[in-house]
Amino acid sequence: MAKIKDIPKVDRPRERFLKKGPEALSKSDLLAILLGSGIKGKNVQKLSQQIIKKFGKNFLNITVDDLQKVSGIGQAKALQIASAISLVKRYYADEKTNEIVIKNSQDVLSLTYGLKEKKKEYLVCLYLNARNVLLKKEVVSVGLLDKTLLHPREIFYPATEINAASIILVHNHPSGDSSPSEKDIHIVEKIAQAGEIMGIPVVDFVIISESGHYSFYEKLKNQNKGFDYVADGVQGTLFDLLEIEKPSYEISAEKIQETYFHIPQIKENHFQLHNRRYIGNKYKLIKWIFSILDKECKGDSFADIFAGTGVVAAVASKHFNEIILNDFLHSNHAVYKAFFDKENWSREKINNIIKDYNNINGGDLDENYFSINFGGKYFSKNSAKIIGFIRENIEENKNKLTEREYYILMASLLYSTDKIANTVGHYDAYFKKEFIEDNFFMRPIDPVEVKAVSIFREDANLLVRQIQTDIVYIDPPYNSRQYSRFYHILETLTKWDKPELHGVALKPKPENMSDYCRVSAKDRFAELVNDINAKYLVVSYNNTYDSKSNSSQNKITLEEIKNILSKRGKTKIFEKDYRHFNAGNTDFNNHKEYLFVTNVNYE
Ligand SMILES: C[S@@+](CC[C@H](N)C(=O)[O-])C[C@H]1O[C@@H](n2cnc3c(N)ncnc32)[C@H](O)[C@@H]1O
């Protein structure tokens, strides 16, 4: 057996370290230096190779006991190694707490302070991770800022390289005036759209000058100062804000004055009702819808009978004393019971339960229904184990919770699950990935205050025969895409009857298949309109009947809707251009949204 002293001096780990630095050494060489000497019959290099091989990737988690099981490692050597590992871990932990978290425009300013003195125009990009921690700061362009010269690639290429979750742009105005120029506004629009397509949202565009600063995010949120960004993906992006604020809609009726409307404020670490991805949700159109509603309809009660996310009903609850919410999906129903119901619940109790859930380590859990079916596909294995475990636990503890608490936990789980899904936003397919991040973290939902509410899970056509309200808002599916199939995982998680699943997408047997997605849509709509007992009927629809993709084509034409509604009263039609982005695959460019308002009592 060669002893260390038999190895020529230059090849020995210590000498190599001194001459060429630590990068020139293998892991076992480094460990050999730490151990210093071997044992009888096993030189120090053999001993370290044996340890590195035995513990492999688990090296950083080895304990003194584990080490002592290796022949030749006594307590002293085991302690030496374990202490070195702990020391390194401690420094890494300290480094993590030194992370720069960007919470608001003031944090942006303190990072880019020197820019305001520059004589040339600069565009600087801050790349952030999902917790708004700064990953990288880079100058993207120097010289006059021009939309035609600036290519989104320059901004987004580094973002994809370092896996940034979002970006913030900072620009200086050497003129001393920080208000945005027309060029700035065009650039913001272009970059915000590119960010939306790339899936790397642009959180803010801040202009700084000697005289102060201007934050698009703050201005679009109608706040003057200090309005915090929200970390963890529930951030309102510039794209969203521009879409909501865009005042350029056309209406075919008289001009509508914009009116006050309320969107719940985003609170850090709580899910708001609109913080989920849902096809056809009206969040971005809500200001437009209520501008028209406030002008055209009078009344005290409002029913949202195809409520989807419930965002329309949430805003309606600020305008009307009584609201009704309905959707035939189980998951949507659970969400309404959580966000809107009036029943008692304890915030402290919910927070404590969620805190305990967040301490669960997926590695310690056995497989369960959710992880067996969806782990490694829609979610990482560990995240899926935790989700399944929590869902089971909510069910087991149902009798210790009020009904509201049960649904609040369920909705918090649904929102937290949806947020990390390895999909484009629905569950018709998942991305084929080698590695899916273990990033499940449960956050509570933040309920909506309402005066009076009734919640149903009914077929809309049956429900309208039982209710009477001043305004009925009708937002059915427009094409053949069935919501119950697109959101099947949320349905399966809510119902928790653990059905047998089929196909690559792992769907259960069909349930709640909507006639509005079939050729019978027109007849069902005519029946519905005929059966409604209300003063006003308000219908949302769009014009995708010309779409190239069959599944996107409308089931009812605008003409048919108008004719059916006109039988109940005078009907006005309002239209709005709607920008629609889908990863460069836009199959329909001339997308318009329509709102039909029928005054049933009109003579
Ligand atoms: C276009 S989405 C509504 C979007 C909603 N306005 C929002 O802002 O989120 C249509 C909704 O109708 C529901 N739905 C479809 N057919 C239904 C039916 N026959 N009865 C009740 N709900 C139905 C779907 O589950 C889906 O949530």
Side-chain angles (χ1 to χ4, degrees), residues 240 243-244 261 263-264 272-290 293 302-317 323-336 339-340 414-415 418 425-427 448 455-467 471-488 490-491 494-495 510-518 520-529 531-532 538-542 544 551-552 554-556 561 578 580 591 593-596:
D240 290 337
E243 279 289 309
I244 298 161
F261 81 113
I263 288 194
Q272 307 288 303
L273 187 69
H274 58 276
N275 295 146
R276 66 182 283 206
R277 298 172 295 176
Y278 199 75
I279 292 171
N281 84 73
K282 295 294 173 289
Y283 182 62
K284 290 177 187 169
L285 290 165
I286 218 141
K287 189 169 188 177
W288 176 66
I289 292 174
F290 278 86
L293 271 176
F302 181 97
D304 188 356
I305 59 171
F306 295 89
T309 54
V311 291
V312 176
V315 176
S317 72
I323 57 161
I324 292 178
L325 283 123
N326 175 63
D327 196 291
F328 66 6
L329 293 197
H330 298 270
S331 48
N332 289 345
H333 181 252
V335 165
Y336 310 152
F339 275 95
F340 290 92
L414 288 171
Y415 271 59
D418 188 48
H426 56 68
Y427 298 87
V448 178
I455 295 167
F456 295 91
R457 195 182 71 72
E458 282 265 19
D459 185 304
N461 280 50
L462 298 178
L463 177 77
V464 294
R465 296 181 199 159
Q466 305 163 36
I467 58 169
I471 298 153
V472 173
Y473 176 64
I474 305 167
D475 186 18
Y478 312 143
N479 51 43
S480 54
R481 298 192 180 122
Q482 289 282 357
Y483 279 82
S484 59
R485 307 305 276 161
F486 264 48
Y487 297 98
H488 64 98
L490 302 184
E491 289 293 275
T494 307
K495 285 177 74 185
E511 187 197 354
N512 290 327
M513 301 296 276
S514 180
D515 279 348
Y516 289 87
C517 305
R518 300 183 165 127
S520 53
K522 187 184 128 200
D523 294 340
R524 286 291 93 74
F525 181 70
E527 271 168 33
L528 178 92
V529 167
D531 288 348
I532 289 177
V538 179
V539 179
S540 274
Y541 217 68
N542 65 31
T544 48
S551 55
S552 305
N554 285 156
K555 289 289 161 204
I556 320 180
I561 294 179
Y578 193 65
H580 181 74
H591 184 165
E593 283 290 329
Y594 291 88
L595 199 72
F596 296 77

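We count ligands from 1, going down the list as the structure has it; atoms in each ligand are counted the same way. Excluded from the calculations below are hydrogen atoms, water molecules and symmetry mates; all remaining heavy atoms, backbone and side chain alike, are included. Since we're looking at a predicted model, the values are computed, not measured.
Ring planes of F596 and Y594: tilted class, angle from 30 to 60°.
Ligand 1 places these atoms under 4.0 Å from at least one heavy atom of N332: 27 (O). The atoms of ligand 1 that sit less than 4.0 Å from any heavy atom of E458 are 20 (N), 21 (C). Heavy-atom contacts of N281 reach the following atoms of ligand 1: 7 (C), 8 (O), 9 (O) (cutoff under 4.0 Å). Close approach of ligand 1 to D459 is summarised as follows: ligand atoms under 4.0 Å from at least one heavy atom of the residue are 19 (N), 20 (N).
Residue L329 touches ligand 1 through its side chain alone, judged by heavy-atom distances below 4.0 Å. By the criterion of a heavy-atom distance under 4.0 Å, neither the backbone nor the side chain of N461 is placed next to ligand 1. With a 4.0 Å cut-off on non-hydrogen atoms, Y483 touches ligand 1 through its side chain and not its backbone. No part of Y478 comes within 4.0 Å of ligand 1, judged by heavy-atom distances. At a heavy-atom distance under 4.0 Å, only backbone atoms of P476 (N, CA, C or O) approach ligand 1.
To the nearest 0.5 angstrom, D475 atom CG is 9.5 Å from L285 atom CG. The CG atom of N512 sits 6.0 Å away from the CG atom of L329 when rounded to the nearest 0.5 Å. With values rounded to the nearest 0.5 angstrom, N332 atom CG is found 12.0 Å from I455 atom CD1. Atoms OH and CZ, from Y415 and R276 in turn, are 5.0 Å apart once rounded to the nearest 0.5 Å.
Taking atom 9 (O) of ligand 1 as the reference point, the nearest protein heavy-atom neighbour is T309 OG1, 2.6 Å. The nearest heavy-atom contact from the protein to atom 22 (N) of ligand 1 is F328 N, 3.4 Å. Nearest non-hydrogen protein atom to atom 3 (C) of ligand 1 is F306 O, 3.2 Å.
Taking only non-hydrogen atoms, the option from S540, S514, A313, G280 nearest to atom 16 (N) of ligand 1 is S514. Remark: among candidates A307, A460, A314, the nearest residue to atom 20 (N) of ligand 1 is A460, based on non-hydrogen atoms. Heavy-atom proximity to atom 27 (O) of ligand 1, evaluated over V315, L528, D327, is greatest for D327.
For the pair D327 and R457, the salt-bridge criterion is not met [side-chain N within less than 4.0 Å of a carboxylate O].
Distances from ligand 1 to the non-hydrogen atoms of R524 include no value under 4.0 Å.
At least one N/O-N/O distance between D475 and ligand 1 falls below 3.5 Å. Of the N or O atoms in Y516, none lie within a sub-3.5 Å distance of an N or O in ligand 1. Among the atoms of Y278, some N or O lies under 3.5 angstrom from an N or O of ligand 1. The shortest N/O to N/O separation between K282 and ligand 1 falls below 3.5 Å.
At distances below 3.5 Å, at least one donor-acceptor pair connects side-chain atoms of K282 with backbone N or O atoms of G280. Put simply, the side chain of Y336 gets close to the backbone of G308: a donor and an acceptor are under 3.5 Å apart. Under the 3.5 Å distance criterion, the side-chain polar atoms of S484 are matched with a main-chain donor or acceptor of E511.
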Practice prompt. Mind running ring-ring contact (aromatic ring centres under 6.0 Å, His included) on Y516 and F306 for me, showing each step along the way?
Written response: CA-CA 11 Å; Y516 289 87; F306 295 89; 5.2 Å; yes
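When each of Y483, F486, Y427 is tested with Y278 by the rule ring-ring contact (aromatic ring centres under 6.0 Å, His included), just one qualifies, namely Y483.
Within the 4.5 Å cutoff, the side chain of L325 has no heavy atoms near those of the F456 side chain.
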